Undergrad: 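Pasting in a structure now, in C-alpha cells, and then I'll have a few things to ask.
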Number of protein chains: 2
Amino acid sequence: MEIFLKDIEDVNNENRQYAQKRKIVGLLNKSEKPLTIPGICKKVKLSVPTGTKLINELIDDKVIVESGKKETNNGRRPSLYKVDSNFAYCIGVVVLLKGISFSVYNLDMHEVFKFQDDDFVLENTPGCLDRVVAFIQKAISTSGINPGRVLGMGMGITGRVNSKTGYSHNYFNFLEESLIDFFSAKFSFPVYVDNDTHVLGLAEQYFGKAKDIKNAFVLNLSRGMGLAIIANGELIVGENGFSGEFGHIQFAESDRLCLCGKRGCLGTEVSGYALEQNFQQQVEAGETSLLLTSRESCQIKYVDILKAAANGDSLSISLTHNLGFKLGKALGNMINLLNPGVIIIGGEFVSAKDILIDSIKSGMTHTGLQLPLRSCELIFSSIGADAASKGAAAIVLRSLQLI
Amino acid sequence: MEIFLKDIEDVNNENRQYAQKRKIVGLLNKSEKPLTIPGICKKVKLSVPTGTKLINELIDDKVIVESGKKETNNGRRPSLYKVDSNFAYCIGVVVLLKGISFSVYNLDMHEVFKFQDDDFVLENTPGCLDRVVAFIQKAISTSGINPGRVLGMGMGITGRVNSKTGYSHNYFNFLEESLIDFFSAKFSFPVYVDNDTHVLGLAEQYFGKAKDIKNAFVLNLSRGMGLAIIANGELIVGENGFSGEFGHIQFAESDRLCLCGKRGCLGTEVSGYALEQNFQQQVEAGETSLLLTSRESCQIKYVDILKAAANGDSLSISLTHNLGFKLGKALGNMINLLNPGVIIIGGEFVSAKDILIDSIKSGMTHTGLQLPLRSCELIFSSIGADAASKGAAAIVLRSLQLI
DNA sequence: GCAAGTTTCTAATTTTTTTTATTAACTCAA
DNA sequence: TTGAGTTAATAAAAAAAATTAGAAACTTGC
C-alpha cells in the first residue's frame, strides 16, 4: 500500500523507486495480458536488472504475482507477471434522486461487494446527508473489507458538483466545506466526487465502448439528460466541473418552460420527463395507446412508454421517434463542434435503442457536416446498470494512474 | 540540436540524459524568469550534482547561458540560468484565402524575420501549391537563417485539415500524400500542419489571454467563423482534426442557405460575410448609412461596416449589435456544454469590440446557465495580426515540450 | 565585527544503476 | 541429434547517480 499512498514530492532515491514501482503496477494493471520482465523494462525505461529487482520486491509485497511462462517461437521463454487484483480495492458510491448504491471493486474492476438502498430519496437536508454517511458506514462494516486495503472512494452525485474542489451546488449545499473534505474526514481513505453524468462517461471511457477512442460523447439519457464529453482521451469537466449541461442548450423547436427558468431547452423535448409530458399532451388531444388500458395517462412513466414502444404501441413509437430525431439534430451540431469518433447513448433510453438508432441518425444527417459525420459512430451502451458505480470507482484508479 | 532531434525510444543512459536535458531546457524556456540549479533540480527530480553536470554540458553546447546571481535575503546567492533564446528557431507559415506569410521566431517567440505576400490567392491547384513551396523557399533563403538551427515549421492552412495525419480536404486535396509528408520532403526540418482556427487558438493558449486558463474558447471571427476549444489545458482538435465548426451549428433564427448546403447555420448570421449580406438587405429595404456616400452597397466589405459602426453609423451599429446578440446566445449554449473559464474573441471583429461586448454578453445571459456563466469571462484578443503565425510556430515548440 | 544561521556549490564517499558478459532455455533445420 | 540462432535471466564489472560532508558566500543579530 505504501507504494500507492506515499507522496513523491521530495527528490530522493526512495521516492524515485516508489514512483517507478507505481509505474510498473500501473502498466501491469492497464495491460489486458500479463507481461514479461523485458517488456515491462522497455515500457518503463529501466534496465532489466533494476526492473527485476523492483518486480521481485513487488512480489515480496504481494502486489504482483507470477503467472506462467509466455509461449514464443524462439528463445528462452520469459516468465509472465500480473498484479494481484485482490491486493487492493476501490469503492464506488452513486447517489441518485431515488436510490443509493455502494460497490467494492478489486483492481480488475470486478465487483466483490454490493450494497444498495432503493428506498433512499435524495433531499437537500442535513438529515439526508447523515443517512448517506450512515449508509456508507453500514456498507463498509457489512462488507467486511479491510479499510487499510482501500485505495479510495469515488462518489457520483446527481446535480452540479465542482469535480475539482468537491463543492456541491444543488444538494448538501448547506455545508460550509466541500463534499470531499466532509467525507474525507469520515473515512480513512481518500474520497473523490463528481456528478452522475461525468461518472457515467468515465465508465464508458475506461470499461465501455469508448475504451480505445480518444474523442467520444457519452449521453446520459434517463429522466433527465446530460452529456459527458471525452476529448484528447480525457473527460472534459470544464473550469468548475459544470460541463455537460446538454439538456439546457436552447435547441428545441418548441419553447416549453424548463426547470432552469429558460425556454426552449433541449431537455424539455429530449428526456424521460419530456416523453411523459408529450404522451399526456397527445392523449389529451385524443390520441390513444395500449398503455391507457391499465393506467391513467398521468401515472404513466417514461420507462413504460419506452417499453410500450418496443412492444409496438403506435403512439409510443411515434413519440420516441420524434424525440430521437430532435436529439439527433442536436448531436449533429455537437459533432460539428467537437468531431468525436463515437457517440454512446446510455441511461434508461437504451431499452428503446432499436427505435432510436435510426431516428437519431437521420436527425444527425440534418445538421452534421459530412466529414465529421462520416467518422462518427453511433452506438448504445452495453455496460449495464452499475455503470455509474464503476465510473465512480474509476476516479480512484485514475488518480493513481492504475487505469 | 542533438538534444532536441534525437529519438529517445531506446532505453539507455545516453538517451536518458538527453531526455533530462530536454526537460531542463523546456523548464527554463517555459519559465518567465531565469532559474537556479537547486530550483531546476527540484523540478526535474534530479540531485544537485547530476543537475549541475547536465547544466554545465548544456552551457558548453551553448543551449543555456548564465544570467547573473539571484538576490536572496539569506544564504549564498545562487547563479541564475536561462536558455539562449537565439540558440534555435521555429517557423510559422500561414496560408489564408488571400495572403501568405512566413515568420521565424526564436525560442523566446520574438519574431526575427518576416516575409509576406498579400497578393497570394489560395486555389486548389498544383500550380498554387508550387507557389506556396517557392514562397517558403524564397523566404528561407532571404532570411539567411541556418536550416540546421530550425526546430521545425508549423503551418496554418484555411479549410479542413486533419491535424494528426496532415491530410487536407479543401485545398491541395489532389495530393496523394498528406501535406505533412509533402512539405517534409521539401525541407530538412520537421513540418506540422493544422487549420487557421486551431492555430489561432494555440496562439491565445500559449501567448495570449488564455495563458493560465485550462478551459477556454477562442473565436476566430472574420469573414468566416471558427471556434478553437481548449479544455483540460489542451487544444481539442477531435478525432480527425475537424473540431471547431461553430459556424455550421444550426442555430440561426433565419434559415438562410449556407455554403455547406444546410440551412440555418450560425455562420449565415454571424460572420463577416453575413454582415455584408445583412447590410445590403437593409439598404435594399430602404435603410441608409454613411457608408453609401462613398460606395455602392455591394462593394462595401464587412471591415468597412465594422469601422463605420465604431464611428457611429447607425445602421452599422444596429447590424453589429444584432450579430453580437445572436453570437452571444450561441456562446451561452456552448458555455453550458463546456464550462470555459474565458472566451476570447479574435479576428477582424476585434475592431468593433466596444459595440460587441455588451451585445454578446446580453445574448449569453439568454441561454447560459447561471453557474457556468458566472465563472466565464468574455474578452477580446490583444495578440495582434500575427497571432496565427505565432500559433503555427507554437506547434513546433509544443511538440518538443518547450512551451 | 564576529558568531550563528542559511543556502549554494563542490569534492569525496557510497549507493544504485547500467553495461557487458555469461549461462540458461528454447526452436528449427540440416 | 546436434549446432546455429534467439531470447531470458543472472552475475560481474563499470559507470553514473545520490548521499554525505565540508567549504564558500551571504545575512542578521548581538
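Reckoned from all heavy atoms, side chains included, excluding hydrogens, waters and symmetry mates. This one's a predicted model, so the numbers in the text were calculated from it and none came from an experiment. The chains referred to below are lettered A, B, ... by the order of the sequence lines, with proteins before strands, and numbering in each begins at 1.
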Undergrad: Answer with base, sugar-phosphate or nothing: what part of the nucleic acid does A/Ser79 contact at a heavy-atom distance below 4.0 Å?
TA: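 Since only primed, P, OP1 and OP2 atoms lie under 4.0 Å of A/Ser79, the category is sugar-phosphate.
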Undergrad: State which residue, out of B/Ile37, B/Leu35, B/Ile24, fulfils the side-chain contact (heavy atoms from CB on, under 4.5 Å) condition with B/Tyr81.
TA: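 With B/Tyr81 as partner, B/Ile37, B/Leu35, B/Ile24 yield a single side-chain contact (heavy atoms from CB on, under 4.5 Å), made by B/Ile37.
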Undergrad: Could you walk me through whether B/Asn215 and A/Asn240 pass the side chain to side chain contact (heavy atoms under 4.5 Å, CB included) check?
TA: CA-CA 9 Å; B/Asn215 298 273; A/Asn240 313 289; over 6 Å; no
Undergrad: For the pair made of CG in A/Leu46 and P in D/dA17, what is the distance, rounded to whole Å?
TA: 14 Å
Undergrad: Would you call A/Lys211 and A/Glu32 a salt bridge, using N to O less than 4.0 angstrom?
TA: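 Counted as a salt bridge, because a side-chain N and a carboxylate O are separated by less than 4.0 Å.
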Undergrad: Expressed as a whole number of angstroms, how long is the span from B/Leu80:CG to D/dC26:P?
TA: 13 Å
Undergrad: Flag this pair as yes if the NZ/CZ of B/Arg22 is under 6.0 angstrom from the six-membered ring centre of B/Phe4 and inside a 45 degree cone about the axis; otherwise no.
TA: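 Judged by the rule, B/Arg22 and B/Phe4 form no cation-pi pair.
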Undergrad: Please report the distance, rounded to the nearest Å, between CG in B/Asn73 and P in D/dC26.
TA: 14 Å
Undergrad: If each of A/Val48 and A/Asn13 is mapped to the nucleotide of DNA chain D with the nearest heavy atom, which maps nearer the 5' terminus, i.e. the 5' end?
TA: A/Val48
Undergrad: Quick check: are there more than 12 heavy atoms from other residues, nucleotides or ligands sitting under 6.0 Å from CG of B/Asp212?
TA: no
Undergrad: Counting only side-chain N and O atoms of B/Lys53, is one of them less than 4.0 Å from OP1 or OP2 of D/dA17?
TA: yes
Undergrad: Quick one: on DNA chain C, does A/Gln17 or A/Arg76 contact a more 5' nucleotide (nearest heavy atom)?
TA: A/Gln17
Undergrad: Whole angstroms only, please: what is the OH-P distance between A/Tyr81 and D/dA8?
TA: 12 Å
Undergrad: What is the distance, rounded to the nearest whole Å, between atom CD of B/Gln20 and atom P of D/dA16?
TA: 12 Å
Undergrad: Could you list where the contact with chain A starts and ends along DNA chain C, reading 5' to 3', using a 4.0 Å heavy-atom cut-off?
TA: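 From 5' to 3', the first and last contacting nucleotides are C/dT16 to C/dT27.
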Undergrad: Using a cut-off of strictly less than 4.0 Å, decide whether B/Arg77 has a side-chain nitrogen or oxygen near OP1 or OP2 of D/dT27.
TA: yes
Undergrad: In whole Å, what is the span from the NZ atom of B/Lys69 to the C1' atom of D/dA24?
TA: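 Atom-to-atom, B/Lys69 to D/dA24, this comes out as 10 Å.
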Undergrad: Hey, mind stepping through B/Leu54 and B/Glu57 against side chain to side chain contact (heavy atoms under 4.5 Å, CB included) and telling me if it holds?
TA: CA-CA 5 Å; B/Leu54 296 179; B/Glu57 286 175 15; 4.3 Å; yes
Undergrad: Within this structure, what is the CD1-to-C1' distance between A/Ile40 and D/dA9, rounded to whole angstrom?
TA: 14 Å
Undergrad: For B/Gln205 and B/Ala210, indicate whether the former's side chain and the latter's backbone hold a donor-acceptor pair under 3.5 Å.
TA: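 A pair under 3.5 Å: no.
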